[in-house]
Amino acid sequence: MASGFPFLTALTFLPVLGMIIIGFFPKDKKRIFQGIAIAVTGLQIVLAVMLLMSYNSALAGFNKPESFQFIERLPWIRLTGLGVFGNISIDYYMGIDGISVTMVLLTALVSFIGAIASFSINKSVKGYFIMYLLLVTGMMGVFVSLDFFLFYIFWELMLLPMYFLIGIWGGPRREYAAIKFFLYTLLGSVVMLLVMIGLYFSTQVMGTDPVSHKQVVYHTFSLLDMMDPAKRVAGSIFSGFGTTWRYAGYLGLFLGFAIKIPMFPFHTWLPDAHVEAPTAISVILAGVLLKMGTYGILRICFGIFPEIALATSWYMALFGFINIVYGAFCAMAQKDLKKLIAYSSVSHMGYVLLGMSAMNSQGITGAVFQMFNHGTITAMLFLCVGVLYDRAHTRGLDEFGGLANKMPKYFALVVICFFASLGLPAMSGFISEAFVFLGAFQTWQTLTILSTLGIILTAAYMLWALQRMFLGTLPERWNSLTDINGRELASLVPLAAIIIFLGIYPSPLINLMTTSVNQLVTFVHTTGTAALQQTATILK
């Protein structure tokens, strides 16, 4: 399904337009920069809602080109006559299905909320908003790209602004945290680049030569063509099913995405990045960036290497369990509220891994729903941390007490996001976790049972933190604290409303993704199982 208006291009590059406009103003026009950022990200929400209203949830998507919607495809780079290197075909190729549309909505929402939270930035405001808007473009581009080359450009584009946003506007150890984030992510990107090149030389399609206008054979970066076994080059590095090279390719891509999630043991960059990042960047980091890793696994690893995904799914479940329990234990040991929430993100992304490993519709639906819910819940958690830190300039759990009476509106919002995080029924986190466990139990009973320990541990550290900060007697030095203000309410109340609405009535979001998730599961099992059987026959 194509659309006359280029929704996806507009959604992706509106922030670039905002950057250009900001560049024309003097550096001391803080209010103008804030207004431009709000206007651009607000317009993204409007476009995302318009896109949602026109979206046809009955179309399958995933590996079917005809089922993708709002498609924009233009020849970008065409090179012929390159001898042994073949002919190069790179397209500006965008489109969405039920999996990516949820991430587009999440990115637009969290970007707008982050722009509101960025009003507290007072240092080099012009540079901050230029980097912030560039980051938004990189994130949105990842979720709408259907060409691996384009996907990789947006994936790498995100690194640069995030490095500076942490390294310049972060806390006391900002340089260390920024470099650590950059090096970890760059490692995964280099491995991903090598696999991408191998996939490019392993995929061929017919195309038109722009000079001679004749039909020629091209190598291509199209993700949907890479998923099609009929378009693989015979004898190429990734041509056969179940080969050593295909295992290496899958693991290389998985490594790049696992670092971004972050999956144990590649998680150590996350607490440092969160603690040192300004509030708005922590919101973006937890709300959207972590989802790029799990989205990449679903879209690329599962789509291009379905037989390897099936063969290694138990290991994904194992690492999901480790993330859940290890992250929860680490969170329980923290005395800094922001670091506690950072480790809770490690734990909650483990549920996404566990759901994906189930390889059934319930588990993967739960995983994608958890990606969206974690984005809204954790964004709200980090905003709540920022509200308190802006007033008290400390995040120590043991330095507070009795805040419920002093800041009742703030306390009410904290209760909502804390209880949503621990999976209280009637809040969105409960629904996605329930789907994850329903799906995973059908495939991995023991690991699923063990993973439920995460629910108990999450309740323990969240309620313990709530007790230490908000109950008891208020220390005298906090008598001057003021309750939450209007700007902070404007960023928190919409998230609270979404959390409660989807907890009571999750069907609208689940219906968006169901058909595409079912197609994903069918494709992986059909193609992957046949490939594994073929490999076993050859080995015999």
Rounding to 0.5 Å, atoms OG (S451) and CG (L354) come to a distance of 4.5 Å
Distance col, row I71:CD1 vs F7:CZ, nearest 0.5 angstrom, shows 14.5 Å
Answer yes if the ring centres of F149 and F221 are under 6.0 angstrom apart, and no otherwise. yes
Check whether any side-chain heavy atom of M140 sits under 4.5 Å from a side-chain heavy atom of S111, and report yes or no. no
Any donor-acceptor pair under 3.5 Å from S432 side chain to G429 backbone: yes
Determine the minimum heavy-atom distance between R246 and I304, stating which atoms define it. NH2-O, 2.8 Å
Does A258 have any side-chain contact (heavy atoms from CB on, under 4.5 Å) partners at least two apart in sequence or in another chain, and if so, which? F254, M263, F266
Quick one: do the Q204 and T220 side chains pair a donor with an acceptor below 3.5 Å? no
Pair W155 and F257, ring centroids less than 6.0 Å apart: yes
Are the aromatic rings of F129 and F33 close, with centres under 6.0 Å apart? no
For a quick test of reading the model, state the closest non-hydrogen atom pair linking Y93 to P65 and the distance between them. OH-CB, 4.3 Å
Report the C-alpha separation of M139 and I284 in whole Å, then their side-chain angles, then the decisive distance to 0.1 Å, and conclude whether the side-chain contact (heavy atoms from CB on, under 4.5 Å) test is met. CA-CA 10 Å; M139 295 186 303; I284 290 288; 3.5 Å; yes
Just so I know, are the side chains of F369 and L512 near enough to count as touching, which here means a heavy-atom distance under 4.5 Å? no
Heavy atoms, side chains only, cut-off 4.5 Å: are V16 and L133 in contact? no
Answer whether the closest heavy-atom distance between the side chains of F305 and L253 falls below 4.5 Å. yes
Distance-only, no hydrogens or angles: does the K180 side chain make a donor-acceptor pair with backbone N or O of L270 under 3.5 Å? no
Is there a side-chain contact between L298 and L520 in this structure, where contact means two heavy atoms from C-beta onward sitting under 4.5 Å apart? yes
Counting C-beta onward and ignoring hydrogens, is there a side-chain heavy-atom pair between F143 and Y295 closer than 4.5 Å? yes
Taking every non-hydrogen atom, the tightest pair across S202 and I237: OG-CG2, 3.3 Å
Give the intermediate values and the outcome of side-chain contact (heavy atoms from CB on, under 4.5 Å) for residues V104 and L11. CA-CA 9 Å; V104 168; L11 272 166; 3.9 Å; yes
F182: which residues meet the side-chain contact (heavy atoms from CB on, under 4.5 Å) condition with it, sequence neighbours left out? L159, Y163, L186
Can you pull out every side-chain hydrogen bond (donor to acceptor under 3.5 Å, both in side chains) where at least one residue sits in residues 7-21? Sequence neighbours excluded, please. T9-E72, T9-Y92
Once rounded to the nearest 0.5 Å, what's the spacing between atom CD1 of I45 and atom CG of L105? 9.5 Å
Is any side-chain heavy atom of S313 less than 4.5 Å from a side-chain heavy atom of M359? yes
Main-chain N/O of G375 paired with T378 side-chain donor or acceptor, under 3.5 Å: no
For the backbone of Y315 and the side chain of T312, can you confirm whether one donor and one acceptor N or O come within less than 3.5 Å of each other? no
May I ask you to decide if A115's main-chain N or O and Y132's side chain share a donor-acceptor pair within less than 3.5 Å? yes
Do any N or O atoms from the side chain of Y250 and from the backbone of P306 form a donor-acceptor pair under 3.5 angstrom? no
Please find the pair of heavy atoms, one from A358 and one from G363, that lie closest to each other, and give the distance. CB-CA, 4.2 Å
Using 0.5 Å steps for rounding, measure from the CZ atom of F154 to the CG atom of L150. 4.5 Å
How far apart are the closest heavy atoms of M513 and T102, and which atoms are they? CE-CG2, 4.0 Å
Under a 3.5 Å distance rule, please check whether H374 uses its side chain to pair with a backbone N or O of Q370 as donor and acceptor. no
With side-chain contact (heavy atoms from CB on, under 4.5 Å) as the criterion, how do L289 and M162 come out once you've worked through the C-alpha distance, each side chain's angles and the decisive distance to 0.1 Å? CA-CA 10 Å; L289 257 71; M162 182 58 79; 3.6 Å; yes
Less than 3.5 Å apart, any donor N or O on the side chain of T203 or D225 sitting next to an acceptor on the other? no
Using ring-ring contact (aromatic ring centres under 6.0 Å, His included), reason through H274 and F382 one step at a time and then give a plain yes or no. CA-CA 9 Å; H274 269 314; F382 279 113; 4.3 Å; yes
So, the side chain of S516 versus the backbone of A60: is there a donor-acceptor pair under 3.5 Å, distance only? yes
Using modelled atom types and a 3.5 Å cut-off, is there a donor and acceptor pairing between side-chain atoms of N56 and backbone atoms of S67? no
Polar contact flag, side-chain donor to acceptor under 3.5 angstrom, Y184-T268: yes
Suppose the criterion is salt bridge (Lys or Arg N to Asp or Glu O under 4.0 Å): which pairs have a residue in residues 90-110, not counting sequence neighbours? R73-D91, R78-D91, D97-R299
Approximate separation, where rounding is to 0.5 Å, of M349 CE and M371 CE: 6.5 Å
Which residues share a ring-ring contact (aromatic ring centres under 6.0 Å, His included) with Y128, sequence neighbours left out: W169
Before we go on, tell me: are the rings of Y326 and H267 under 6.0 Å apart, centre to centre? yes
Do any N or O atoms from the side chain of W269 and from the backbone of I259 form a donor-acceptor pair under 3.5 angstrom? yes
Locate the shortest heavy-atom distance separating L353 from G320; write the atom from each residue and the value. CB-CA, 3.8 Å
Side chain to side chain donor-acceptor pair (under 3.5 Å) filter on K64, not counting sequence neighbours, yields none
Indicate yes or no: at least one non-hydrogen side-chain atom of V436 is less than 4.5 angstrom from one of T448. no
Any chance you could measure M158, atom CE, to L160, atom CG, to the nearest 0.5 Å? 10.5 Å
Any chance the side chains of S57 and N511 put a donor and an acceptor closer than 3.5 Å? no
For F112 and I38, run side-chain contact (heavy atoms from CB on, under 4.5 Å): C-alpha distance rounded to whole Å, both residues' side-chain angles, the deciding distance at 0.1 Å, then the answer. CA-CA 6 Å; F112 179 72; I38 290 294; 3.9 Å; yes
